[in-house]
Amino acid sequence: MYMDIDSQNIDFNDDGDSRWCCSHGHRSSLNLQTNHGGTICLVCFSNLISNPLSPTIHVSYALSQLSRSLSIPQFLHSIVTFHPHFLISPLVTALSSFDDEPIAVQLVHLIVNLSASSDSSVCREFIARVSDRISSGALGWSPRQLHTLHCLGVLLNCEKEDDLHLHIKDIYGLISVLVTGLQLPSEEIRGEVLFVLYKLSVLQSTSDEGDGSDMLIPFCPKLLYLLGDVLLKTQNDDVRFNCIVLYCPSALLTMLARRQLLSEESAYDIGNMSLSGEVNSIETEDGAKGASLVNLFAEAIKGPLLSSNSQVQIGTLDLLFHYLSSVGTSGNQIQVLVEENIADYLFEILRLSENKDPAVKMCLQVLNLLSNSEEAFRPRLVVGFSTLVPVLRYVTEVPFHPVQYETLKLIYECISECPGAVSTSQLEELVHVLIRMLIKHSDGEMGMIPETFIMACSVFVALMRSPSCNGALDMSKSIEEAVKHAILASLYVSERNINQILQCLYLLKEAYAYSHDGNSFHTSKLELRSGILDICRTHLLPWLATGINEMEEEIILGLLEIFHSILLLHCTINSREFAETLMSFCWFSFSYGCLGLFAGDRMKHRIYLLLGSLIDSLLGNDTGQPIRDAALHLPSDPVDLLFMLGQRSADILDFSSCQSAALLIMYTSSLYDERLADDKLVLASLEQYVLLNSSNFHNWTTDNLTVTRLVNLYCLLRGIGNMNYQIHYSREAEEIIFQFINNGEWDLLSARIHTVSLNWLFQQENIIKPLCHQILKFCRNYNLEGDGMIIGNSNQSVNVQTLAELVSTEDNYGARIFVCLLAQLAEEEDQEHDMISILNLMATMIHICPAASDQLSLHGIGTTIRTCFSTTTFMSILILVFKTLSSVHPKTLSTDQSWVAVTMKMMEYSIPSKEADILSQESLFVIGILSLILHLSTNKVLEETSKPILFNTCIISVINTIVCAACSKGPALIDHDEGTSTGETLIFVLLLHYFAIKSLHAILPGFVDWQNFLVSMNSSEPLAFIGIRCHDLCRLLHFGSPVVKIVASYSLLELLNRISNQINSKHEEVKCTVGYLMSIRSILEGLVFYNDQRVATNCALCLSILLQWENLTKETEQLGKSSWCRLIIEEMTVSLAAPALASQSFMNSQTPAVLVAIALLKLHKIPQWMRSVFNNSCISGILENLAATNLSPGILVLFRQLLKSDFLSTEQIATINQTLQECRKHMYTTNAQESLPSEPIKKVLTMPYDLGDVGRYLIDLMSAETYLDTDSRGFNMGSKRLLEEIELFFSALTVDDDSCR
């Protein structure tokens, strides 16, 4: 039959030669030659392997030879081309004939090889024959049956076709046999059976043919019980791996679960099954064993769940997930799984997973499904909660992790259902994780699906409500941060999700409610409220205002509910602040815009309720109640609202409520300059309302607040009409309005009023009397509440600010009303208290608006004040007079003669008739006012008023006494500063003296012989006017306190200037001794180095004046030889030439010494030592420190005098020239502005008054005059003066060059 020739290559062509027939004479076409020189007779081969009695060694050898030959392409080609089906039957017969496993392996290998190498018909026939052998049951469950079953599984696993199962003739019979095999104790058989069942199920599911019914349905639930039994009885991981993973019982179970076949026995219609009663009896028998399928399933998967083999574990989790996800799985089945502790197993897997996928993903998906059994799952969730917290941290770090939502949902269920289960540490960690999650999402670092975001917000709300968060743990900072990033993540996204935004708004609402829980006034809670309001102000409101046309109604309603909640919570400051924020967005106009877009009742009701609460916050508690009462009846259009307002009030309560609400809406919106309709239409409706209902007003005039709002709104509309256009109005309605005012039914202070309305009221002459009454009432309240009445103008309230602005303008009777009211009170008896209120208020108004002093003066405030003097009102009058005179424009006083009488009254009340060296506070205040009057007289006003002051004998006597007492103290005078009575009195006397000198020169030119202020032959004779001689000023300058030195230096400088001007203009000689001048000089020289720049500069200027009196030749020579002058100049040159010290401020500090140097250089005979001090090296050192940024006018004047005196070399002149060019270029480039000193700051004088403010004001006024006369008073630091000095230097240089030529 069979030969093997290894050394030759045989030709495969069969020419019918009998030489190639086998020994049994079979056809040569069936006798195939191998490339090893042998032949194989297919007939003999078939007979050998088909005979069960053939020796196994022969069979095995034959199979191996055929297998080797099939590896030869030519041989394989002959088989598959000419005899593809010849070996099918023998091979299948052999497979079912031998128990020998090696032979079975060879046979399976050959069958698979032939099936894979031939066309699909070969594989189909193999499957049909092999399945028939198994279905016949003839082999029982012998090893041959196992081998045949394994071969069928391998064939079904072929990937050539998807319809191989269709070639099984009796597939239900086959499955029945297989199901029976599952009951055998052999795990090898069970594995093979499970694999075949799995492949049959897969092939059916992928096949396009069939009636759609599942072939396994008739065998359920028995098959399910048996599969559960397989998992339950396998305890070894290796066996599980071979059974579950390789042969896939879990895969079969998963397949059944996906097809929703994993159901209880009751889910199947046993009567309609196609099998015999045998199956039913087996199922009944299994059912009688006591365990339901779900119980069996639960017990079966416990072992694989805790398997150390990750593939087994993951496969079991996948099975469990699909089982729970199937439609047929009931709540009772899930409850059984939970009660069988499957959830505990899953939490344990999570704990041991080290946060690694896919274990985390699968566990959380299954736990989420198990949570549907809420009651049974809740205690397991509480136990496993600690495992979820670190898992949440892991899944939130992975963008779009598939179980972010499930993790958050489980945490939310635990926190919301069992709030006490969360510890403080867990709460803190959860908050940190959630905030980090929201921050990444808002920054775009990590995406998040809307469902996950919504659940994250829900978890945060649950955390805020938990006992731990409301106890000792304060999460205000974290809550604010979470809300902020949640808002940012929701609003500014390309695709808006309505549910996400609504949940975010819910989070914000709960956060604001949290800020009011517990200790709501704690700093952290206050900061949280402030932060939430800031979020609303900076994000929500602008977003709503700009995108309302594209928003859904639900979002707008959600936002309005948030805003309403903020207004409703009883926190006056926050609700008022937020209400003002809403009004800054024109909230009334916005509200009616919403009603125009969304006409439903829900929106209208929400809008009007919010408006009512908004008005409560703006105007006071329960003010918006009329709107809430009529919310359901109010129209959605403001024009319809006005139409309703203009009707006659009916007896129907709802209609009257609607009219009250309409009036309140129009009034409140007008306070914030919102125009809900045309002003003409609003005025017409309001007039119609007044005219039609005037007869009914007596029924509710007790409600003065409503009348006041009506009047205020009417006045606003009339005021706007006067400002913008000529508006037609009803005189009859106007008369009714005025009747309300005159009858006292209108109360200016009871309701807020627009400034335009207030201004129109004060323009009406026929209601001046009731306006006076209202002003008096305001003054009384102001006198009681003081500064508390000054609350600004932003809220349109009647306060000092609004009244001050009203009085300061010319287009109303405001100033006239105040003056008339004061005059009226002065005529009545026992009105001092009200007079003081009026006086104090007018002083405060002038401080707020200085222009009010002009209007009050024009309306005769001076004349009125004259009639108000009394001991009670005196101090208030002084404050008002000082504020008026310090603020009024001089031209306003030019023709006012009433101040003479006022001044005489003040001096009569305050200046003591007898000598005194210390004055009272009132007297000092009067001296301050007198100084101010003398100052104004220099502007050609109040000249007649100043003369009684200048020549008042009492004042002259008091001044002489005070100055004499101060000079007698000698060095002890330094201790009497402004904090002592003596020092304060002396300062005010010196200030009066300074302004008196200025006034004498201005109003009585040539009247005074200024040299009388020097020591004369009759020096003991007192002056006939206010004055202090020079030597007394020098004593005060030398021994006095710092402030005394300042004022005395200014007075001395003013006197010396007047004396010098008189000497120069009249060519007089100095009427004093040389010793007298030398004593003055010695004091002045010592104070050139004083630390106060004003004192040092004034003393230097005084010294310069003395040096200018060159007619005293001997004195000049002594001055030139003065060691102090030389010391001053040497100190200056050393300082200016010192390296790295030449800043602008340092240069300015040398101004006093520079002034002395300039004066010395202007002498006809310059001291010889000047050249030794200003030598070449000294001048070069100074020039090295000069730059374009630190050059001052004083330094330029000094170098100009050095140039004129021939102190500069050619090189030094060139250096100066270059520096000046750079300075001028720098100034033009930077466009430097003139830096003149600002005017003195006008400080408010409150009760109790502060004399220090008066003194500082007068000193500032005195210092400011320094800049009016730069030639005699020093150097202006402005760029204009510097440019002038540069040009003067170049001019001097040109003159010097011309003289050289």
Side-chain angles (χ1 to χ4, degrees), residues 537 541-542 544-546 548 563 567 575-596 607-608 610-620 623-624 627 637-639 641-642 645 661-687 689 705 708-727 729 737 748 750-763 791-799 801-806 808-809 811-812 814 849:
R537 180 170 52 253
L541 275 171
L544 174 63
T546 56
I548 183 174
F563 300 157
L567 294 173
S575 62
R576 176 62 183 272
E577 177 186 350
F578 187 67
E580 294 290 346
T581 301
L582 290 178
M583 293 309 301
S584 67
F585 282 84
C586 301
W587 193 255
F588 282 90
S589 301
F590 172 82
S591 298
Y592 283 104
C594 285
L595 294 177
I607 286 289
Y608 279 120
L610 193 152
L611 287 179
S613 299
L614 176 64
I615 293 175
D616 284 345
S617 299
L618 294 174
L619 304 182
T623 312
I627 297 178
D637 192 331
V639 176
L641 200 68
L642 291 174
L645 179 64
L663 179 63
L664 183 60
I665 289 172
M666 291 299 168
Y667 164 75
T668 308
S669 62
S670 68
L671 291 176
Y672 292 87
D673 296 319
E674 285 198 58
R675 299 291 180 263
L676 302 182
D678 184 75
D679 293 330
K680 296 179 181 179
L681 179 61
V682 178
L683 179 61
S685 299
L686 195 63
E687 290 178 335
Y689 173 70
L705 186 59
T708 301
R709 291 173 184 155
L710 172 64
V711 172
N712 291 351
L713 178 59
Y714 177 84
C715 296
L716 172 63
L717 296 170
R718 291 293 307 277
I720 293 174
N722 291 345
M723 291 168 54
N724 300 329
Y725 44 80
Q726 290 298 325
I727 189 170
Y729 65 94
I737 294 294
L748 177 63
S750 64
R752 291 167 57 180
I753 184 169
H754 198 284
T755 53
V756 174
S757 178
L758 189 66
N759 191 65
W760 187 85
L761 278 169
F762 276 76
Q763 290 173 345
I791 53 178
N793 193 32
S794 60
N795 55 9
Q796 304 289 1
S797 295
V798 177
N799 50 50
Q801 176 78 30
T802 56
L803 291 178
E805 294 174 355
L806 192 70
S808 63
T809 57
D811 60 347
N812 60 75
C849 291

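Predicted, not measured: the structure shown is a model, and the values here were computed from it.
Looking at every heavy atom in both residues, Leu713 comes nearest to Ser670 through CD1-OG, 3.7 Å. The shortest heavy-atom contact between Ile720 and Val756 is N-CG1, 3.8 Å. Shown here for Ser750 and Thr708, the closest heavy-atom pair between the two residues is OG-OG1, 3.5 Å. The two residues Thr623 and Leu664 have their closest heavy-atom pair at O-CD2, 3.2 Å. Across Phe585 and Ala545, no two heavy atoms sit closer than the pair CD2-CB, 4.2 Å. Among all heavy-atom pairs drawn from Cys594 and Ile607, the shortest one is CB-CD1, 4.1 Å.
Counting only heavy atoms from C-beta outward, the side chains of Leu595 and Asp637 never approach each other to under 4.5 Å. Side-chain contact between Leu567 and Asp616 is absent, with no heavy-atom pair separated by less than 4.5 Å. Between Leu618 and Arg752 there is a side-chain heavy-atom pair separated by less than 4.5 Å. Between Asn812 and Leu758 there is no side-chain heavy-atom pair separated by less than 4.5 Å.
In this view, Tyr667 satisfies the side chain to side chain donor-acceptor pair (under 3.5 Å) rule with no residue, not counting sequence neighbours. Evaluation of the side chain to side chain contact (heavy atoms under 4.5 Å, CB included) rule for Ser757 yields Asn712, Cys715, Leu716, Ile753, His754 as partners, not counting sequence neighbours. Every residue two or more places apart in sequence or in another chain that forms a salt bridge (Lys or Arg N to Asp or Glu O under 4.0 Å) with Arg537 is listed here: Asp534, Glu577. With sequence neighbours excluded, the residues forming a side chain to side chain donor-acceptor pair (under 3.5 Å) with Ser591 are Trp587, listed by chain and number. Scanning for side chain to side chain donor-acceptor pair (under 3.5 Å) contacts around Ser584 gives an empty result, with sequence neighbours left out.
Taken to the nearest 0.5 Å, the OH atom of Tyr592 stands 4.5 Å off from the CG atom of Leu641. Summarising the geometry, atom CG belonging to Asp811 is positioned 5.0 Å from atom CD belonging to Gln763; distances are rounded to the nearest 0.5 Å. If you take CG on Asp673 and CE on Met583, they are separated by 9.5 Å, rounding to the nearest 0.5 Å.
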Stepwise side chain to side chain contact (heavy atoms under 4.5 Å, CB included) check, Leu544 with Phe563:
CA-CA 12 Å; Leu544 174 63; Phe563 300 157; 3.8 Å; yes

Can you check side chain to side chain contact (heavy atoms under 4.5 Å, CB included) on Arg675 and Val682, steps first, answer last?
CA-CA 9 Å; Arg675 299 291 180 263; Val682 178; over 6 Å; no

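Not one N or O on the side chain of Thr668 forms a donor-acceptor pair closer than 3.5 Å with the backbone of Ile665. Under a 3.5 Å cut-off, the side chain of Glu805 and the backbone N or O of Cys849 do not form any donor-acceptor pair.
Residue pairs meeting the salt bridge (Lys or Arg N to Asp or Glu O under 4.0 Å) criterion with at least one partner in residues 708-722, sequence neighbours excluded, are Arg718-Glu734.
Between Trp760 and Tyr714, the angle of the ring planes goes over 60°, which puts this pair in the perpendicular group of the 30/60° scheme.
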